[in-house]
Participant: 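Structure incoming, see below.
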Amino acid sequence: MNSPVTNFLAQLTTPEFQKSIGEQLRAEAAAANTFLSYRDEQGRYVHEYPATGEVYEVSLTQPQTRRLLLDVVGA
């Protein structure tokens with residue numbers, strides 16, 4: 001029999017949980033007019049601005065250098 005903690009930890013890796021956490025983080029970032037920072041599927045370091053729909057690749061060696069990857073609003 002699994003403990004409640006074991007059951008909770010197993011839920012953290014489910015696609016449904018990951019999706020709901022992502023949606024919550026994007027909503028909070030949009031409300032605060034800030035960005036999310038993470039590595040994408042291709043291993044690029046990106047900044048995602050949920051309020052505008054823009055996603056930029058960011059250079060770790062030259063922080064002021066960034067390249068627009070996606071612009072949902074302008075598309």
Side-chain angles (χ1 to χ4, degrees):
M1 180 167 231
N2 290 336
S3 72
V5 172
T6 302
N7 290 335
F8 174 73
L9 292 174
Q11 292 176 14
L12 296 180
T13 59
T14 65
E16 296 82 14
F17 182 82
Q18 295 294 318
K19 182 180 177 189
S20 68
I21 288 297
E23 290 171 353
Q24 179 65 34
L25 289 173
R26 283 179 178 78
E28 290 180 20
N33 199 29
T34 190
F35 62 90
L36 300 173
S37 180
Y38 56 90
R39 289 204 180 270
D40 68 4
E41 296 84 20
Q42 288 81 31
R44 299 175 295 198
Y45 184 63
V46 299
H47 286 175
E48 175 184 343
Y49 294 81
T52 63
E54 297 170 329
V55 178
Y56 292 90
E57 179 178 11
V58 180
S59 170
L60 294 177
T61 58
Q62 299 176 356
Q64 294 79 18
T65 303
R66 61 186 197 164
R67 180 172 61 105
L68 183 64
L69 297 174
L70 177 66
D71 182 0
V72 175
V73 176

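The chain is numbered in sequence order, starting from 1. Remember, predicted model here, so these are calculated numbers, not experimental data.
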Participant: Is there a chain of hydrophobic side chains (I, L, V, M, F, W, Y, each step under 4.5 Å between heavy atoms) that links I21 to V46?
Facilitator: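 Both belong to a single hydrophobic cluster.
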Participant: Residues sharing L60's hydrophobic cluster, by side-chain heavy-atom contacts under 4.5 Å among ILVMFWY, directly or via others?
Facilitator: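 Members alongside L60: Y45, V58.
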Participant: Return the set of residues passing side-chain contact (heavy atoms from CB on, under 4.5 Å) with Q62 (not counting sequence neighbours), or none when no residue passes.
Facilitator: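 So Q62 forms a side-chain contact (heavy atoms from CB on, under 4.5 Å) with S59, T65.
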Participant: What's the shortest heavy-atom distance between P50 and R26, and which atoms?
Facilitator: CB-O, 3.4 Å
Participant: Assigning hydrophobic clusters by single linkage (Ile, Leu, Val, Met, Phe, Trp, Tyr; side-chain heavy-atom cutoff under 4.5 Å), is L69 placed with L36?
Facilitator: yes
Participant: Would you call the rings of Y56 and Y49 parallel, tilted or perpendicular if under 30° counts as parallel and over 60° as perpendicular?
Facilitator: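 The arrangement is perpendicular - the two ring planes meet at more than 60°.
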Participant: Would you mind listing every ring-ring contact (aromatic ring centres under 6.0 Å, His included) that reaches into residues 11-34, with sequence neighbours excluded?
Facilitator: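 For residues 11-34: none.
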Participant: Can you pull the side chain to side chain donor-acceptor pair (under 3.5 Å) pairs that have at least one residue in residues 27-36, sequence neighbours excluded?
Facilitator: Q24-E28
Participant: How would you list, by chain and number, every residue that makes a side-chain hydrogen bond (donor to acceptor under 3.5 Å, both in side chains) with E57, sequence neighbours excluded?
Facilitator: R67
Participant: Using the rule that Ile, Leu, Val, Met, Phe, Trp and Tyr join whenever any side-chain heavy atoms are under 4.5 Å apart, tell me whether L12 and Y38 fall into a single cluster.
Facilitator: yes
Participant: Quick test of your reading: applying side chain to side chain donor-acceptor pair (under 3.5 Å), list the pairs with at least one residue in residues 8-22, sequence neighbours left out, ordered by first then second residue.
Facilitator: none
